[in-house]
Structure formats: structure tokens, C-alpha cells
Number of protein chains: 2
Amino acid sequence: MNQDLRVVKTKRTLQTAFIQLLQEKTLDKITVSELCRSSGITRRTFYLHYQNVTKYVEEIIESLLNELEQSMRRTTDYRLTTNGRLDPRMIYLFEHVYNNKEFYHIIFSRNSSFAYYEMFYKRIKVLVRNSMETMDFIDEINDFEVSYQANAILGIIMEWYYGGFEKSIDEMNHILMSVLKRYRVF
Amino acid sequence: MNQDLRVVKTKRTLQTAFIQLLQEKTLDKITVSELCRSSGITRRTFYLHYQNVTKYVEEIIESLLNELEQSMRRTTDYRLTTNGRLDPRMIYLFEHVYNNKEFYHIIFSRNSSFAYYEMFYKRIKVLVRNSMETMDFIDEINDFEVSYQANAILGIIMEWYYGGFEKSIDEMNHILMSVLKRYRVF
DNA sequence: CAAGTTATTATACATATGTATAATATAACC
DNA sequence: GGTTATATTATACATATGTATAATAACTTG
């Protein structure tokens, strides 16, 4: 029992119009009315699916982060030796961010909802926690330590964003690794 | 040449109404119209001073952070010996957050603008940078390292927020110190 | 393919936003 | 204290939001 074809079509045209509008203007200037005008659906239809623009974007960010999780899971095989408190495959994160700049850009935009950042933060926390769990020399995982590490990584990505994502993925990898080494995180 | 008395009065009544409304409902439910109804000023007057509710709140957060900076500057005398990469007086931060919970709450709320978090982040970055500058064994300050440390601290505060600020200031001090010690940040 | 289900539309309404103009009230200043 | 400067108001307008109802169209299922 799949989703109704009409719904699929509606969401598809909505997505196309949204991506299009995002290239013309910043997210905070995109209204429900305009989004519906562009995609040729009624506002009523939009509200039957989403509460507002923010909730709509949350769904987009959600699938972006699902994709991130998938691509990080895939890299498990290639993962470096984990001889410390933070799993070095965390660096594969930079790859996904760089390849999806335009969406991660939304998360860090001044006019965006904090909800997007929170979603990102919570995902990274899960990754950090999972990573710590695989390290047998850690007796007990401290929630605050997880938050500390997770948000620290987001700090580096945020700085990358402020610099217009000019640094390459490799440079970012190197930067993170050198900071982690300095603090003997692993 | 001080500010016009009329302006002062307008902003004062606005502030009173805002604080009042904040106790009745969450920030995202507070509209310009309602804020003006409550404070007895015209919407036109509001728009002569601020672009929208978010910009208005930004001004409030701005002065909150100014106050934070002041109170941290005052603690310079009492500061602990800085024998490492991060100034331990950073812990006085918790005091200000706890004593102004209701405002810091705004910063971390899902429906808030990311602008508030950004403001907080940038202030903490300045503190971290200043702190690193006083440590003579640091040859050159790395921007990404500053972002890493600054946001890491925000991660701990955010976790405190998610726990409803239940932990005491002293507990938070202890938590931060033990994490910093583990990573030999100082 | 027909019957039943449900997504979408047309239309409307109360309220909110952001901007504009002219009139009025209030503060600043000499 | 009277004049000048300007903050505030009253009113209005085009557009946006979120919700509601009944009618229509499109899809699903047997």
C-alpha cells in the first residue's frame, strides 16, 4: 500500500518549485502563497500536508540527514582504526556536507529556524555516542561529553560555512584531525 | 543628547508587555499585533523601531549578552590560574545562564530564529579567543580551534537546557572541568 | 471497468504583516 | 514659554496566514 499517486505528484511539484525558488531568493522570503503559485497547487492542499514553510523544510532536512546517516554507515568498512575516544570516520561527514552545501546552508542561515540546527545536532550526537560505544576502554558514556564533542564538530562545520565552504574536504579532514590530536580525543 | 523621552517610554512599555506575554505563551505565538495591543502602542510605531518580532528579540538578546560579557569581565580578578589552552573562568558563564534562564531559553527554543544562537556563539568565540591569547605557550591561534572550543561549550549549555536547567551551577562547573581535564584542554 | 475512497480545488473569512500619508501630540531647545 | 523638531497616531491598502465547507477530480480496489 504505497502513497497515493496524487500525493506523490503534489510533493514532487512542490519540491521542484521549492528548489527553483531557493535559487532565486533566500529561504525566509519564500512564502506558502508563492510556493503554491509556483507549483500550481492550492494553498489548501499545502496546508493539508504541512503546517507551514518551516515544517515543510524540516521534512527536507530530515531526509538530508537520513542520507547523511546512510552514507556514514556505508563507510564503516573503510573506517580507520579507532584507537581513541572519537571515531575517525567522523571525517566522512565533511564529504556529505560539501556535496550538499545548498541544503546545509539552510541550517546555518541567520533567518532559519533553530529547529534545523537542533535536528543536525541530535544526529551528530547519535554518531558520537555510537562511536564512543565501540571504544572498549570507555567504561561509562557521559551525556555532557557527548554533547560537548558533537557540538564541537558542528562548530567546525559552522566555521566552514562562514568561510563560504572555500576549504576543501581534505583540508577540513586535516583541520579536524589536528584539533582532535591536540586534545588527544583519540 | 540622550534618546527622546517618547522613545524611551515606548520601548519601556513594549518591554513590559513582552515580558508579560512571554509568561503567557511561547515566543513564536507572540505577534506584532498582539504585542502592540498589550502595550497600547500602534503597530506603526513598532515598525518605526523594529523590522519584526525577531529583530526586536535580537535587541533583547544583544543586551543580555552584553550583560554576560560585563559579568565575566568582572570576574577577571578572581580568575583561576590559566595553565592551559582554555581559561577556567569560562565557568562563570554558567552563573549568568542560570540567573537568566528565561532568556537563554529563547535562544535554544525550536521555534526561535537561528540568529539568537549565532549571536551567542559569536560572543563565546570572542571569550575563547581572548582566553587563548593570554596563554603565552600558544604560538598561533587557529580559527577552527576557537570555533571547536566555543561551540563545544555551547553544547554543554544546550544539554543543560534540555535537562530543564535542573543541574546546579556548581554541578555544571564540575562537569565542564572534568571534560576539559579529560581532553587536557588546560 | 465500475464503485468507493480520498486528494485536490474553489471560494470565503478573520486575522496578521509591512508599508504609506497626513494629522496630531509631545519632547527638545533657545 | 513659545517655537521647532520629531515621535506617535489614525486610517488605509495589498498581500500573507491559517482554517472551514462543499464540490470536483483523480486514484485505488475488487
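Naming: A, B, ... by sequence-line order, numbering from 1 per chain. As the structure is a prediction and not an experimental result, all values here were calculated from the model.
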Enumerate the ring pair (Phe, Tyr, Trp, His ring centres under 6.0 Å) contacts for [range], please, sequence neighbours excluded, ordered by first and then second residue.
range	answer
residues 22-42 of chain B	none
residues 43-70 of chain B	B/F18-B/Y56, B/F46-B/Y50, B/Y50-B/Y56
residues 156-175 of chain B	B/F94-B/W160, B/Y98-B/W160, B/H105-B/Y161, B/F108-B/Y161, B/W160-B/F165

Inset, instruction - Give a yes/no on whether any side-chain N or O of A/H49 is located under 4.0 angstrom from OP1 or OP2 of C/dA7. - result: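 So the side chain of A/H49 is outside the cut-off, no N or O lying under 4.0 Å from OP1 or OP2 of C/dA7.
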Legend entry - Presence of A/T45 side-chain N/O under 4.0 Å of C/dT9 phosphate oxygens OP1/OP2: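 For C/dT9, OP1/OP2 do have a side-chain N/O of A/T45 under 4.0 Å.
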Legend entry - A/E69/A/R73 salt bridge by N-O under 4.0 Å criterion: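 Judged by the 4.0 Å cut-off on N to carboxylate O distance, A/R73 and A/E69 do form a salt bridge.
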Legend entry - Nearest-nucleotide comparison on DNA chain C, the residue closer to the 5′ end among B/R44 and B/K9: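 This one resolves to B/R44.
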Inset, instruction - With sequence neighbours excluded, tell me which residues meet salt bridge (Lys or Arg N to Asp or Glu O under 4.0 Å) with A/K101. - result: none
Inset, instruction - Not counting sequence neighbours, which residues clear salt bridge (Lys or Arg N to Asp or Glu O under 4.0 Å) with A/R44? List them please. - result: none
Inset, instruction - Mind running a 4.0 Å heavy-atom check of residues 11-42 of chain A against DNA chain C and sending the residues that fall below it, in number order? - result: A/G40, A/I41, A/T42
Inset, instruction - Mind grabbing the angle between the end helix axes of the helix from C/dC1-D/dG30 to C/dC30-D/dG1? Five pairs an end, 10° rounding. - result: 40°
Legend entry - Closest listed nucleotide, where the reference is the side chain of B/L48 and the choices are D/dT8, D/dG18, C/dT8: D/dT8
Legend entry - Spacing between A/Y47 atom OH and C/dA7 atom C1', to the nearest angstrom: 18 Å
Inset, instruction - Take the protein atom CD of B/Q3 and the nucleotide atom P of D/dA7, then report the distance between them rounded to whole Å. - result: 9 Å
Legend entry - Pairs touching residues 16-34 of chain A that satisfy salt bridge (charged side-chain N to carboxylate O under 4.0 Å, His left out), sequence neighbours left out: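 Applying salt bridge (charged side-chain N to carboxylate O under 4.0 Å, His left out) to every pair that reaches into residues 16-34 of chain A, excluding sequence neighbours, yields A/K25-A/E34.
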Legend entry - Any side-chain heavy-atom pair of A/E159 and B/E145 under 4.5 Å: no
Legend entry - Closest-nucleotide 5' rank along DNA chain D - winner of B/R43 and B/V7: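 Whichever sits nearer the 5' end wins; that is B/V7.
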Legend entry - Counterpart residues, side chain to side chain contact (heavy atoms under 4.5 Å, CB included), relative to B/S112 (two or more places apart): B/L27, B/I106, B/S109, B/Y116
Inset, instruction - Examine the base of C/dA27 for any acceptor or donor lying under 3.5 Å from a partner atom in the side chain of B/R6, and report the outcome as yes or no. - result: no
